[in-house]
J.: 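Starting off with a structure, shown below.
Chain identifiers are assigned alphabetically (A, B, ...) following the order of the sequence lines, protein sequences preceding nucleic acid strands; residue numbering begins at 1 within each chain. Just so it is clear, the model here is predicted, and its values are computed rather than measured.
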Number of protein chains: 2
Amino acid sequence: MLKGHLDAIVLAALEAGPAHGYAIIETIKSRSAGAFDLPEGTVYPALHRLEQAGLLSSAWTPPPGGRRRRVYSLTKAGTAALAEKRKAWGRFSQAVQTSLGGGRAWPA
Amino acid sequence: MLKGHLDAIVLAALEAGPAHGYAIIETIKSRSAGAFDLPEGTVYPALHRLEQAGLLSSAWTPPPGGRRRRVYSLTKAGTAALAEKRKAWGRFSQAVQTSLGGGRAWPA
DNA sequence: ATCCATACCTAGCATAACTAGGTATAGAGC
DNA sequence: GCTCTATACCTAGTTATGCTAGGTATGGAT
């Protein structure tokens with residue numbers, strides 16, 4: 001379970017530039033060192049949701065000669081949402097950290 | 001939304017000693033500096049779930065003269081589960097952190 | 001020719017946490 | 001005495017989220 005942070009992670013994966021769904025899954029897997037190996041059934045609906053919400057836009061790559069791919073890009077609203085979600089993550093993780101007690105934020 | 005980490009936070013709130021539901025809510029609120037102001041409808045079912053799972057045990061305080069309270073304590077299994085959940089949180093938050101990119105773990 | 005990796009999609013399920021109600025007692029203020 | 005608030009517990013039903021489990025199709029390697 002990604003516990004409500006999937007949207008932020010997907011948006012972050014697109015920050016470096018447009019990508020298609022399958023590539024996004026790979027990016028997330030490698031960036032998280034394998035921890036987030038997300039099934040397609042998780043990611044594709046999320047992409048649709050994010051596009052619906054106006055945070056992503058998509059375009060099909062021209063199919064003649066190549067395999068069809070839907071390439072997603074961050075919209076302006078998506079970039080803003082990502083920034084907000086990063087802040088929210090910071091607040092959230094800080095709060096969990098102190099709630100779990102046991103002191104320091106990050107074990108060295 | 002507590003995003004799946006509620007159980008860990010509740011268990012952590014009981015680590016210092018037994019407490020009743022209402023007090024647990026207060027503890028969580030103060031420990032998180034107000035970030036987690038949980039409705040009772042969130043916490044009570046969680047307590048029941050955790051007791052069902054054998055991670056907590058409960059006892060009613062004797063009602064004569066005082067207000068009825070159900071006091072929860074960590075079981076041995078609960079203590080072990082808390083330790084495991086702390087580790088899981090560490091792994092999870094680390095993975096989110098790197099997935100969100102943007103470098104350093106904690107902005108000073 | 002067959003298989004696997006790539007690439008997309010959806011319906012339906014499970015779970016989590018919240019909303020929105022309900023009950024009841026103790027103490028403070030009038 | 002009466003009312004109001006804080007304390008203290010509970011549950012049914014809603015919502016969102018992510019997953020399972022299926023389906024379709026193409027390109028490249030064997």
J.: How many whole angstroms separate atom CZ of A/Arg70 from atom C1' of C/dA7?
T.: 12 Å
J.: Please check: side-chain N/O of A/Ser99 versus main-chain N/O of B/Arg31, any donor-acceptor pairing under 3.5 Å?
T.: no
J.: More 5' along DNA chain D: B/Leu47 or B/Glu26, using each one's nearest nucleotide?
T.: B/Glu26
J.: Using atom CD1 of B/Ile25 as one end and atom P of D/dA6 as the other, report the distance to the nearest whole Å.
T.: 15 Å
J.: Distance check needed: C/dC9 C1' versus A/His48 NE2, whole Å only.
T.: 7 Å
J.: Round to the nearest Å and state the distance from B/Gln52 atom CD to D/dC10 atom P.
T.: 13 Å
J.: Please figure out whether B/Glu40 or B/Ala46 has its closest DNA chain C nucleotide nearer the 5' end.
T.: B/Ala46
J.: Side-chain N or O of B/Arg69 less than 4.0 angstrom from OP1 or OP2 on C/dT25?
T.: no
J.: Expressed as a whole number of angstroms, how long is the span from A/Asp7:CG to D/dA16:C1'?
T.: 11 Å
J.: Roughly how far, to the nearest 0.5 Å, is CD of B/Gln94 from OG of A/Ser93?
T.: 11.0 Å
J.: Checking contacts here: which listed nucleotide (D/dG18, D/dC9, C/dC18) is nearest the side-chain heavy atoms of A/Leu6?
T.: D/dG18
J.: If you draw the axis of the six-membered ring of A/Phe36, does the NZ or CZ of A/Lys29 fall within 45° of it and under 6.0 Å from the ring centre?
T.: no
J.: Can you find a pair of side-chain heavy atoms, one from B/Thr61 and one from B/Arg68, that are under 4.5 Å apart?
T.: no
